[in-house]
Amino acid sequence: MVSTSVRSLTYTQAVNEAFHQEFERDPSIILMGEDVAGGAGRSEFEDAWGGVFKLTGGLIGKFGPERVRDTPISENGFMGAAVGAAATGLRPIADLMFVGFVGVCGDQIFNNMSKMHYMFGGKVKLPLTVITSTGAGVGSAAQHSETLYSIFVHFPGLKCVAPSNAYNAKGLHIAAIRDDDPVIVFNNKLLMGGVGGGIHVPEDSYEFPIGKADRPKEGTDVTLIGISYTTYQCLEAAKILEPKGYSVEVIDLLSLSPLDEDAILSSVKKTRKVVIVDEDYPKCSMASELSALIAEQAFDFLDSPPIRLNAPHASVPYSPVLEEQYIPSPSKIAESALSLLE
Amino acid sequence: MYETMVLIRRFEEQAKREADSGRILGTHSAIGEEATPTGICVHLDDNDYVLGNHRSHHHCIAKGVDINEMMAELLGKVTGTNRGKGGTMHIADATKGMLGANGVVGSNIPVATGCALAAKVQGRDNVSVVFFGDGASSQGSLHEAMNLASIWSLPVLFVCENNRYAESTPFEYAIAGQSVANRAAGYGMPGVTVDGQNVIEVYEVAEEAVARARKGDGPTLIEAFTYRYHGHFGADNPLGYRTPEEQKHYKDKDCIKTMEQFLIESGTASKNKLEAIDNDAVQRVEKATQFAIESAYPDPSELLSDVYVKYP
């Protein structure tokens, strides 16, 4: 029997709730992006979209157009405006609709956002949040299906988080907004679309600490490391491995920069075998970074080298027959784990 | 305003000497361009914002940034405006509303729009001024920022210092239509052309634009024609792309000399008074240089400080 205290929210509902609660709490928070409300300038169509992925619905009605601003298609313009506004008293949230669009505003993110606090001698803070969508699997093809974690993690000065379910999504968005550094939040499309289903999300406001990984499954035989959607894939892979008698540990990274190195290393030192599952392109990816970390700091504990499962070194294809091969599947993850276990 | 222009000139001359002596790598000298920021910043206070570009020493000084701290920053000392972490192209002083020079052409223009946005959302009547060059006027960032500032009616002054060259490239080649000011009409805001070497004309144009912005009537684009006497950067010899005759033509219309003539002819100040101001500027710059030389470098541990406010 389900307890009446379980409050099941979807990923999208949880993030939306985070925004509503934070907007209520702090009047210096504003939101900018394309169609974050929708129907701009026409009162009868206000809030037409609430964001492409429905994360930001209802905000303009409650908090008004001064704080919730639809922008023209000007990523360079409004991302730069987010930097300037953050430097002068606001806590802006800027929505980069698809992570691949970073190509349009890279200057503002990589040259200003990541650097100003440092190069101004610590005398200016940029307490802003960038939310963006990631991931393949929905037929959006090459330019709208990327992941690109490592490109942002690469830059000193940026923090990066990637939620994996409704519960940590609410907590990480709240933590990101309250953080005085620029934080990039990667929201995976399949998760936003409901994969994994709803889980219990507390009604009160809470922060999930940035810099801490989660361990949704504890085990002793092999470590599977997931990021966002691939954490779900790892948990599905565990369902294939457990009936074969294996005890599987799943680490959910959640925080990409800063990285919870202790959680990763203590797991690998225990199980001695690791499969890293990262949906991003393979070269210079988060999986590469984790591999190096594990090899350097847990070398003596490993039974075999770490296995990296990424997308292939190819753009995301359109045809479903090709795209379904793109993201590492639970059976592929299980297969890799078995190659270490057997 | 005369005092400010003279101070800028003397500071920049010293900066050039520092570069020539090898003590610093070099700077993007603003000698010749003193009038434009001077005539504009007179209408601003510490709570208004100025954002600059790579050639920003004159913006900083006109906005009231301390020249001791500026010189120390050029020498990479911990007493510099940026604790030695930024250098000549990134000088910033938030206490004076100088939210930074910026080494990427056009990069600060959207940032300045954001400062204006914050002022508007928080109900303050502060104004944001961004300086950029003829080169930057081709960057998409300017167009996006002008559009945004116009649709949201933000209190921004977009000030193009057209010194006629983007590095070695003349503006007649690079700017379709030959006029930056004319682009304003396409973005629904007034566009004004002004002689950037005449500080009084700049003053008058700026007065109107700042008042507009403060009232909530939105942004203005100002194109101020000016001239840099030296190369793009320290080691650049501008005679590689312009004639000695042209240089002489513009140096003969020097903004400080022009103002000097005006002040004397109008009886506002005597030659002696102006000389005293100049001597004072020279002394202040000497003091700043001494301060910078005697200041300590940052502790090596500062290499890793201020990457984040807090990590993790």
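Here is how names work: the chains are called A, B, and so on, in the same order as the sequence lines, proteins then strands, and each is numbered from 1. Every value quoted in this text rests on a predicted model; they were computed, and no experiment measured them.
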Which region of B/Ile151, side chain (C-beta onward) or backbone (N, CA, C, O), has a non-hydrogen atom less than 4.5 Å from a non-hydrogen atom of chain A, or is it both or neither?
side chain
Relative to chain A, which of B/His143, B/Glu302, B/Lys120, B/His90 shows the most heavy atom pairs under 4.5 Å?
B/His90
Ion pair check, B/Arg214 and B/Asp48, cut-off under 4.0 Å:
yes
So, B/Glu69 and B/Thr81: side-chain donor and acceptor under 3.5 Å apart, yes or no?
no
For B/Asn126, is it the side chain, the backbone, both, or neither that has a heavy atom closer than 4.5 Å to a heavy atom of chain A?
neither
Choice from B/Leu51, B/Thr113, B/Asp93, B/Asn102 maximising heavy atom contacts with chain A below 4.5 Å:
B/Asn102
Heavy-atom contact with chain A under 4.5 Å, split by part of B/Val104:
side chain
How long is the gap from CD1 on A/Ile177 to CZ on A/Phe19, to the nearest 0.5 Å?
5.5 Å
Looking only at side chains, do A/Thr231 and A/Ser164 share a donor and an acceptor under 3.5 Å apart?
no
Tell me, side chain or backbone of B/Ser305 under 4.5 Å from chain A's heavy atoms, or both, or neither?
backbone
Pi-cation contact, A/Tyr118 with B/Lys85 (under 6.0 Å, within 45°)
yes
Heavy-atom pairs under 4.5 Å with chain B - which of A/Pro65, A/Gly41, A/Ser28, A/Gly80 has more of them than the others?
A/Gly80
Under 4.5 Å from any heavy atom of chain A, what part of B/Leu148 do you find: side chain, backbone, both or neither?
side chain
Of A/Thr71, A/Asn112, A/Ile30, the largest count of non-hydrogen pairs under 4.5 angstrom with chain B goes to A/Asn112
Ring centroids only, cut at 6.0 angstrom: are B/Phe158 and B/Phe131 within range, meaning strictly under it?
no
Top residue by heavy-atom pair count (under 4.5 Å) with chain B, among A/Gly157, A/Ala86, A/Pro92, A/Gly122?
A/Gly157
With a 4.5 angstrom heavy-atom cut-off, could you sort out which part of A/Met79 is near chain B: side chain, backbone, both or neither?
neither
Against chain B, label A/Gln108 side chain, backbone, both or neither, depending on which of its atoms sit under 4.5 Å from a heavy atom there.
side chain
Short question: side chain of B/Ser56, backbone of B/Asn53 - any donor-acceptor pair under 3.5 Å?
yes
Scan the side chains in residues 206-216 of chain A for donor-acceptor partners under 3.5 Å anywhere in the protein, sequence neighbours excluded, and list what turns up.
{"unit_1": "A/Tyr206", "atom_1": "OH", "unit_2": "A/Tyr167", "atom_2": "O", "d": "2.8"}
{"unit_1": "A/Glu207", "atom_1": "OE2", "unit_2": "A/Arg178", "atom_2": "NH1", "d": "3.2"}

Under a 4.5 Å cutoff for heavy-atom pairs, which residue among A/Asp181, A/Val83, A/Leu90 has the most contacts with chain B?
A/Asp181
For B/Thr220 and B/Arg212, which I'm curious about, is there any donor-acceptor pair between the side chains at under 3.5 Å?
yes
Between B/Cys115, B/Ala116, B/Pro298, the one whose heavy-atom pairs under 4.5 Å with chain A are most numerous:
B/Cys115
Presence of salt bridge, A/Asp180 and A/Arg91, under 4.0 angstrom:
yes
Heavy-atom pair count under 4.5 Å with chain B, highest-scoring of A/Ile73, A/Leu158, A/Asn111:
A/Leu158
Per-residue contact mode, A/Ser257 against chain B (heavy atom under 4.5 angstrom)
both
